[in-house]
Amino acid sequence: MKAQLGTDEGKHKFVLKTPKGTRDFGPKEMAIRERAFKAIISCFKRHGAEVIDTPVFELKETLTGKYGEDSKLIYDLKDQGGELLSLRYDLTVPFARYLAMNKITNIKRYHIAKVYRRDNPAMTRGRYREFYQCDFDIAGQFDPMIPDAERLKIVHEILSDLQLGDFVIKVNDRRILDGMFAVCGVPDSKFRTICSSVDKLDKVPWEEVRSEMVAEKGLSPEAADRIGEYVQLHGGLDLIEQLLQDPKLSQNKVAKEGLGDMKLLFEYLTLFGITGKISFDLSLARGLDYYTGVIFEAVLLQQDNEHLEEPLSVGSVAGGGRYDGLVGMFDAKGRKVPCVGVSIGIERIFSILEQRLEASEEKIRTTETQVLVASAQKKLLEERLKLISELWDAGIKAEMLYKKNPKLLNQLQYCEETGIPLVAIVGEQELKDGVVKLRIVATREEVNVRRESLVEEIRIRTSQC
């Protein structure tokens, strides 16, 4: 490079930083991430999901018009060989494109990959421009609410398993929302835009949402007040029953359908034993255009003050819904494939886990090494190499120091620092006796193990770690 740049005067000074809204992840952060991914993937597999992957960019037209007001956050790329491309915004639209393109009508799949949003990042809260999504979707024609209920059970399992603290899963239905807007006097053309206002209720008070609807979006104050009466309701089966008797809502065909399915959903969730964490919430709107039925959002709660009537919400960590029309948008004949999906907000989960581990000062292992191959005397490099090769070939995770004659103390210290639980020590006497001295780092206990039994002994001892 120096030769290319010529003299030092012409040297270009690099700005060493990651692009706005992105970050590097060191070994410690990656260890936390891998732990969380492992829990999520094992849950997805437990529920019978297959895995797929799709390109990081799609044709621009594939993504256009699928995200409502959020479409402005799509990253467009320059023309590449006659194709206008955009970075994927989520994993749902590429999944729908994949189903339509391959004429798949039935699949249960998960997909974990990076997505891109030209957002104003709030990195302390886990909001980035490049981030991972973990999606689980069930596509196919099934009896009502059975896949929807399983999807909520999956969210419950993952959040319980990751031990993030108390949480609530809010559920609503796009049909109940649309019916509610209709009976409150919202014109059809304003449904989606009023929906995105209601979607802000978890962040701002009703007064602000009301004034946005009236002042900015031209809704009549009477219609806004009627919406206000509904969107501040939340509960369980009792609220569903109450709304089924509501003189206005029960007369609306779409809302009645949605309420009927919601009742069925709660019956299944009762059988799964998770209704304690589920809240039917009429303020939940989720602004994406493609939802057609049940929608939900999982929110972490923070009980900061015992005098508070209700716990404070920390933020959404999962969301999803039913989108029965999205695949049909890509099909030449408009053939529909009903789909229901969930996306785990993994970045927010990571930031919570990172903060928690920092506060606890727990030491995180960044490797999975089971044993360090060490020597007690000089001139035993060849014997260490022979032994470590045997261990690697047997599938044991093993390391050694890259020195010809390391001091035993330095080798033991390396294990203490990195959390390696065992040391296999080769010495002259051990070689004569056909044994290896196995040292347990935590207790400093040492046992002689026959060379042919070493692999089995390491396996037994590290399976308990």
Side-chain angles (χ1 to χ4, degrees), residues 18 21-54 56 88 90-91 109-116 121 123-137 154-165 167 298 300 314-319 342-372 391-392 395-399 414-422 441-442 458-459 461-465:
T18 61
T22 65
R23 63 178 280 207
D24 292 323
F25 298 95
K28 221 181 222 176
E29 289 91 7
M30 285 310 294
I32 295 166
R33 289 180 156 241
E34 285 195 325
R35 214 188 275 179
F37 277 143
K38 202 172 168 187
I40 290 165
I41 291 168
S42 75
C43 176
F44 288 166
K45 289 188 169 177
R46 187 161 62 242
H47 286 264
E50 301 173 287
V51 62
I52 69 160
D53 194 16
T54 64
V56 77
R88 63 184 168 206
D90 68 2
L91 300 177
R109 80 87 173 87
Y110 75 90
H111 187 184
I112 296 178
K114 284 183 174 178
V115 299
Y116 298 85
M123 304 203 19
T124 49
R125 293 207 315 274
R127 268 180 88 108
Y128 301 95
R129 288 179 160 187
E130 175 194 66
F131 56 95
Y132 272 100
Q133 276 191 343
C134 301
D135 279 21
F136 175 100
D137 292 80
I154 286 166
V155 177
H156 189 282
E157 281 177 26
I158 288 170
L159 296 183
S160 305
D161 194 9
L162 291 173
Q163 297 175 350
L164 298 166
F167 63 89
L300 290 189
V314 178
S316 164
V317 287
V342 50
S343 189
I344 307 295
I346 195 74
E347 298 297 342
R348 184 157 290 172
I349 288 171
F350 287 148
S351 58
I352 292 162
L353 293 175
E354 279 175 22
Q355 284 161 14
R356 187 171 296 170
L357 278 157
E358 230 167 78
S360 74
E361 291 175 6
E362 181 198 325
K363 209 172 176 199
I364 300 161
R365 277 201 72 187
T366 55
T367 70
E368 293 183 9
T369 310
Q370 295 163 281
V371 62
L372 183 86
L391 295 177
W392 285 334
I396 297 290
K397 295 163 186 166
E399 279 187 69
Y414 179 75
C415 291
E416 298 270 357
E417 286 160 15
T418 56
I420 298 172
L422 300 173
V441 175
I458 291 168
R459 280 196 190 125
R461 288 182 181 271
T462 52
S463 70
Q464 298 154 2
C465 287

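Residue indices begin at 1 and follow the sequence shown.
Formation of a donor-acceptor pair under 3.5 Å by the Ser360 side chain with backbone atoms of Glu362 is found in this model. No donor-acceptor pair closer than 3.5 Å links the side chain of Arg109 to the backbone N or O of Ile52. Between the side chain of Arg88 and the backbone N or O of Thr54 there is at least one donor-acceptor pair closer than 3.5 Å.
Donor-acceptor pairing under 3.5 Å is recorded for the side chains of Asp135 and Ser343. Between the side chains of Glu157 and His47, a donor-acceptor pair is found at a separation under 3.5 Å. The closest side-chain donor-acceptor pair between Tyr116 and Arg129, if any, does not fall under 3.5 angstrom. Remark: the Glu399 side chain and the Tyr414 side chain contain an N/O donor-acceptor pair separated by less than 3.5 Å.
Every residue two or more places apart in sequence or in another chain that forms a ring-ring contact (aromatic ring centres under 6.0 Å, His included) with Phe136 is listed here: Phe44. Scored by the salt bridge (charged side-chain N to carboxylate O under 4.0 Å, His left out) test, Lys397 finds Glu368 as partners (sequence neighbours excluded). Residues passing the salt bridge (charged side-chain N to carboxylate O under 4.0 Å, His left out) test with Glu130, sequence neighbours excluded: Lys114. Residues passing the ring-ring contact (aromatic ring centres under 6.0 Å, His included) test with Phe37, sequence neighbours excluded: Tyr132, Phe350. Remark: Arg356 engages no residue in a side-chain hydrogen bond (donor to acceptor under 3.5 Å, both in side chains) (not counting sequence neighbours).
A 4.5 Å side-chain heavy-atom check between Thr418 and Arg365 finds every atom pair outside the cut-off. Contact of the Val441 side chain with the Ile420 side chain is not registered, since no non-hydrogen atoms from C-beta on lie closer than 4.5 Å. Side-chain atoms of Cys43 and His156, non-hydrogen and from C-beta on, never get closer than 4.5 Å to each other. Counting only heavy atoms from C-beta outward, the side chains of Phe167 and Val317 never approach each other to under 4.5 Å.
Atom CG of Leu164 and atom CZ of Arg348 lie 12.0 Å apart (nearest 0.5 Å). Taking CG of Leu162 as the reference point, atom CD1 of Ile349 lies at 5.5 Å (rounded to 0.5 Å). The distance from atom CG of Leu159 to atom CD1 of Ile344, rounded to the nearest 0.5 Å, is 6.5 Å. With rounding to the nearest 0.5 angstrom, the CG atom of Leu422 is 10.0 Å from the CG atom of Leu372. Remark: Cys134 SG to Ile41 CD1 distance equals 7.5 Å, nearest 0.5 Å. Taken to the nearest 0.5 Å, the CD1 atom of Ile352 stands 12.5 Å off from the CD1 atom of Ile32.
Residues Thr462 and Gln370 share a closest heavy-atom pair of OG1-NE2, 3.0 Å. Scanning both residues, Ala49 and Tyr110, for their nearest heavy atoms gives CB-CD2, 3.8 Å.
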(message) As a quick check of understanding, evaluate salt bridge (Lys or Arg N to Asp or Glu O under 4.0 Å) for Arg23 and Glu354, giving each step before the final call.
(response) CA-CA 14 Å; Arg23 63 178 280 207; Glu354 279 175 22; 3.3 Å; yes

(message) Go through it in stages, so that I can follow the logic: the residues are Val51 and His111, the test is side-chain contact (heavy atoms from CB on, under 4.5 Å), and I'd like the CA-CA distance, side-chain angles, deciding distance and then a yes or no.
(response) CA-CA 6 Å; Val51 62; His111 187 184; 5.9 Å; no

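Residue pairs meeting the side chain to side chain donor-acceptor pair (under 3.5 Å) criterion with at least one partner in residues 25-43, sequence neighbours excluded, are Arg33-Glu347.
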